[in-house]
Amino acid sequence: MPDTPAATPRARVRVPLHFADGYAVDAELVTFHGLADGQEHIAVVFGEPGTVPLVRLHSECLTGDVFGSARCDCGPQLREAVERIAEHGGVLLYLRQEGRGIGLYNKLDAYALQDQGLDTYEANAALGLPEDGRDYTAAAQMLRALGIEELDLLSNNPDKAGQLRALGVAVRDRVPTGVFTTAHNVRYLRAKVLQTQHTLPLAELTELSAG
């Protein structure tokens with residue numbers, strides 16, 4: 001297990017959440033001191049997390065989470081995760097990792113290249129950027145600061161589970177999210193399966209992209 005400095009909770013505040021479809025739930029937002037990357041990540045705690053809580057690592061996506069962009073599945077994944085975690089008691093880590101860690105402006109530049117035919121990973125590479133620049137050291141720090149040493153991970157992305165395990169966090173199970181396809185994100189989702197082995201139905205996505 002890497003020798004990572006401990007983070008500590010900084011503040012906790014109760015916030016009632018209300019979504020556009022009418023779903024509402026109360027959450028506790030937790031901020032931290034001592035995160036390795038110096039970013040303002042937050043933990044969103046729902047109910048009373050048990051011994052092995054359901055946890056999602058959700059990377060910030062301004063276009064999808066806030067503006068409802070149909071070019072990705074981030075907004076629907078966030079909405080789904082909140083309800084599923086609230087039902088069980090657990091934590092959503094909202095991580096400031098826009099564009100898989102490349103930032104908002106670079107992500108929009110990558111979108112422009114995707115409009116020319118590149119997939120999401122090829123576009124990053126064409127800009128001289130990593131296909132996925134995310135590091136989950138801060139996430140592991142946040143989990144430990146909350147007293148979580150073992151969890152079920154709500155994610156289609158095997159890299160998240162792999163990184164957490166390498167950082168000493170026990171991932172008992174990886175629970176897939178739903179599949180949220182639009183006419184604009186099928187190529188994006190298919191690339192995630194082919195390039196980074198996300199657990200999504202490839203045959204279905206291939207049929208949709210050919211339609």
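What you are looking at is a predicted structure, and each value in this text was computed from that prediction instead of being measured. Note that the numbering runs from 1 along the sequence shown for the chain.
- Scanning all heavy atoms of the two residues, the minimum distance from Arg84 to Pro176 falls at NH1-O, 3.2 Å.
- At a threshold of 4.5 Å between side-chain heavy atoms, the hydrophobic network of Ile, Leu, Val, Met, Phe, Trp and Tyr places Tyr136 and Val30 in one connected group.
- Across all their heavy atoms, Tyr121 and Asp119 have their closest contact at N-OD1, 2.8 Å.
- Residues Pro5 and Gln141 share a closest heavy-atom pair of O-NE2, 2.7 Å.
- In summary, the side chains of Arg134 and Ser59 do present a donor paired with an acceptor at a separation below 3.5 Å, with no hydrogens or angles considered.
- The side-chain contact (heavy atoms from CB on, under 4.5 Å) check on Ala126 picks up Leu113, Leu118, with sequence neighbours excluded.
- The backbone N or O of Glu60 sits nowhere less than 3.5 Å from a side-chain atom of Gln97 that would complete a donor-acceptor pair.
- Note: Cys72 SG to Asp65 CG = 7.5 Å, rounded to the nearest 0.5 Å.
- The shortest heavy-atom contact between Met142 and Leu93 is CE-CD2, 3.8 Å.
- Not one N or O on the side chain of Gln39 forms a donor-acceptor pair closer than 3.5 Å with the backbone of Leu95.
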What side-chain donor-acceptor pairs closer than 3.5 Å can you find for residues 8-17, not counting sequence neighbours?
from: Arg10; atom 1: NH1; to: Thr31; atom 2: OG1; distance (Å): 3.2
from: Arg12; atom 1: NH1; to: Glu28; atom 2: OE1; distance (Å): 3.3

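- For Glu87, there are no side-chain hydrogen bond (donor to acceptor under 3.5 Å, both in side chains) partners two or more places apart in sequence or in a different chain.
- Counting only residues at least two apart or on different chains, the ring-ring contact (aromatic ring centres under 6.0 Å, His included) pairs with a member in residues 55-94 are His58-Tyr94.
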*Taking it one step at a time, do Arg79 and Asp21 satisfy side chain to side chain contact (heavy atoms under 4.5 Å, CB included)?*
CA-CA 10 Å; Arg79 168 64 182 84; Asp21 62 1; 2.9 Å; yes
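- Between Asn106 atom CG and Leu129 atom CG the span is 5.0 Å, to the nearest 0.5 Å.
- Checked by atom type and distance alone, the side chain of Glu150 never pairs as donor or acceptor with a backbone atom of Val169 at under 3.5 Å.
- Separating the CG atom in Leu78 from the CZ atom in Phe19 is a distance of 5.5 Å, to the nearest 0.5 Å.
- Just one residue in the list Lys107, Arg71, Arg100, Glu131 forms a side-chain hydrogen bond (donor to acceptor under 3.5 Å, both in side chains) with Thr120, and that residue is Arg100.
- Nearest heavy-atom pair, Gln114 versus Ala123, reported as atom, atom and distance to 0.1 Å: CG-CB, 4.0 Å.
- Checking side-chain atoms of Asn124 against main-chain N and O of Pro130 turns up a donor-acceptor pair under 3.5 Å.
- Taking all atoms of both residues into account, the shortest heavy-atom contact from Gly90 to Ile85 is C-CG2, 3.3 Å.
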Determine all donor-acceptor pairs shorter than 3.5 Å in which one atom belongs to a side chain in residues 40-54; sequence neighbours excluded.
from: His41; atom 1: ND1; to: Arg96; atom 2: N; distance (Å): 2.9
from: His41; atom 1: NE2; to: Asp37; atom 2: OD1; distance (Å): 3.2
from: His41; atom 1: NE2; to: Asp37; atom 2: OD2; distance (Å): 2.8

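- A side chain to side chain contact (heavy atoms under 4.5 Å, CB included) with Leu164 is found for one member of Leu57, Val55, Asp159 and no other, namely Leu57.
- Under the side-chain contact (heavy atoms from CB on, under 4.5 Å) criterion, Ala125 pairs with no residue at all, not counting sequence neighbours.
- Leu108 and Val66 fall within the same hydrophobic cluster, defined by Ile, Leu, Val, Met, Phe, Trp and Tyr side-chain heavy atoms under 4.5 Å apart, directly or through other members.
- Screening Arg172, Arg174, Arg56 for a side-chain hydrogen bond (donor to acceptor under 3.5 Å, both in side chains) involving Asp152 leaves a single residue, Arg172.
- Residues Leu146 and Phe32 form a side-chain contact, since some pair of their non-hydrogen atoms from C-beta on lies under 4.5 Å apart.
- Side-chain contact annotation: Asp135 with Thr137, donor-acceptor N/O pair under 3.5 Å present.
- Between Thr177 atom OG1 and Leu153 atom CG the span is 10.5 Å, to the nearest 0.5 Å.
- Atom-to-atom distance recorded for Leu92:CG and Leu154:CG is 8.5 Å, nearest 0.5 angstrom.
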